[in-house]
Amino acid sequence: PVPAPLLPPGLGRLRLRHLQLLDALERLGSLRRAAVELGIAQPAAVALVDDLEHAFGLQLVVRAHSGTTLTAAARGVVARARVAIEEVAQARDAALRAASGGGRLRLGASPYLISALLPQLLVALRAQLPGTVVDVREGTLDALVDELAAGRLDALLGSADRSLLARAVDLEADLLGVEPMAVVAGKGHPLHGKPRATLDAVLAGPWALPHASSHIRTLVDTAVFDLGRPPLQPQVECRGILNLMGIAAAAGLLTVAPRTEIGRSAWRRRLAVLESPLRIAPPPYAIVTRRHARALPQLAVLRQCVQLAARELVGAG
């Protein structure tokens, strides 16, 4: 395990109550209201502010008749303070569960990976951590990155989008491999069953696609842009790859889908892969954790189990 960083004496004397006060000041904008929320007298809150500013060697709080505000330096501190508070709360939860023979993992994933990867992952995980409760939370990649960075998730499964991961500090991704994507036509579409299609025929649609803010939609828009064509105007917009595949299959539309999923028997004769100049280039899947938490035993086991499950999924693609 990586040793914890040595703290200067002033920082080492801080308590969680100091961090809770910063959090309350940022949210409430009032020293008096922050003191009430923490159940302490206002002079005690002032003393906590003095401790904080001495420990950091910086002014963190500006007090005025109109209220209390945090300096720019304090806003950088309070974001990490919230993670620290969340981690301590989770440490208590982990201790209680360990004492009763179990543990807890909070795992975020996209709807597709919950369906395609999570079942195999849980089989492997239960074999090694039989008493662990796995709290699975569905969401978009950007939302899950925010949850992980804030300490409300232990790990997330998603695409390794470099620009998205780079916006959150102290995150580290273990790559799991690439699952190829393809353009598919639902039964009833004029291109269904044709081995190849021209670019014009594919761009003509009609399309069912994720919403414009989604990661997969960005991949599609980028592929179209790279070919020098205007953006697609989908007939249907919907969240979730499996939902889009079902809509395309029933309504005779075009969409994009992972080749592994297309090969499953449920889609046989309902969806057909189209070979065309429109190529979707997805980034690899990854398991993402906070760097300082990587040494936790449960996360080490989780990463091993994810690698095993991903080999089956990506290899099939």
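Numbers here simply count residues along the sequence, with the first being 1. Quick note: numbers below take in every heavy atom, side chains included, and nothing from hydrogens, waters or symmetry partners.
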Nearest non-hydrogen partners of [X] and [Y], listed with the distance:
X: A223; Y: I280; value: CB-CD1, 4.0 Å
X: V178; Y: P282; value: CG1-O, 3.8 Å
X: R217; Y: P210; value: NH1-O, 2.7 Å
X: L21; Y: A34; value: CD1-CB, 3.9 Å
X: P130; Y: A127; value: CD-O, 4.4 Å
X: D200; Y: R229; value: OD1-NH1, 2.8 Å

Trace of the side chain to side chain contact (heavy atoms under 4.5 Å, CB included) decision for L70 with L60: CA-CA 6 Å; L70 299 187; L60 301 177; 5.7 Å; no
CA sep, side-chain torsions, deciding dist, call: I40, R17, side chain to side chain contact (heavy atoms under 4.5 Å, CB included): CA-CA 10 Å; I40 59 177; R17 183 53 59 91; 3.3 Å; yes
Do side-chain atoms of [X] reach the backbone of [Y] as a donor and acceptor pair under 3.5 angstrom?
X: Q59; Y: V61; value: yes
X: H18; Y: R15; value: yes
X: S276; Y: A197; value: no
X: E179; Y: Y285; value: no
X: R82; Y: A150; value: no
X: H189; Y: A251; value: no
X: T218; Y: S214; value: yes
X: W207; Y: E237; value: no

Out of curiosity, [X] [atom1] to [Y] [atom2], how far, rounded to the nearest 0.5 Å?
X: I287; Y: Q307; atom1: CD1; atom2: CD; result: 8.0 Å
X: L52; Y: L22; atom1: CG; atom2: CG; result: 5.0 Å
X: L117; Y: C305; atom1: CG; atom2: SG; result: 11.0 Å
X: L302; Y: D154; atom1: CG; atom2: CG; result: 8.5 Å
X: L121; Y: L107; atom1: CG; atom2: CG; result: 6.5 Å
X: L105; Y: L299; atom1: CG; atom2: CG; result: 6.0 Å

Please determine if [X] and [Y] form a salt bridge, counting it only when a charged side-chain N lies under 4.0 Å from a carboxylate O.
X: E172; Y: R303; value: no
X: D135; Y: R152; value: no
X: R270; Y: E261; value: no
X: R106; Y: E147; value: no

For R63, all residues meeting side-chain hydrogen bond (donor to acceptor under 3.5 Å, both in side chains), sequence neighbours excluded: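 Expected list: none.
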Matching residue for E275 among K194, R259, R196 - test: salt bridge (Lys or Arg N to Asp or Glu O under 4.0 Å):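 The single option meeting the salt bridge (Lys or Arg N to Asp or Glu O under 4.0 Å) with E275 is R259.
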So do the side chains of [X] and [Y] get within less than 4.5 Å of each other, counting heavy atoms only?
X: P111; Y: L242; answer: no
X: L203; Y: P230; answer: no
X: V36; Y: L28; answer: no
X: V49; Y: L25; answer: yes
X: H215; Y: S110; answer: no

What do you reckon, is [atom1] of [X] surrounded by more than 12 foreign heavy atoms closer than 6.0 Å?
X: H54; atom1: NE2; result: no
X: R32; atom1: CZ; result: no
X: R27; atom1: CZ; result: yes

Do [X] and [Y] land in one hydrophobic cluster if side-chain heavy atoms of ILVMFWY residues count as linked below 4.5 Å?
X: M245; Y: L118; value: yes
X: L278; Y: F225; value: no
X: L308; Y: L313; value: no
X: L253; Y: L209; value: no
X: V62; Y: V46; value: no

Short side-chain donor-acceptor distance under 3.5 Å, T140 and D142: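 Yes, T140 and D142 have a side-chain donor paired with an acceptor closer than 3.5 Å.
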Candidate pair L58 and T71, rule side chain to side chain contact (heavy atoms under 4.5 Å, CB included), full reasoning: CA-CA 9 Å; L58 296 165; T71 64; over 6 Å; no
Residues V88, I85; criterion side chain to side chain contact (heavy atoms under 4.5 Å, CB included); working and verdict: CA-CA 5 Å; V88 172; I85 294 167; 6.0 Å; no
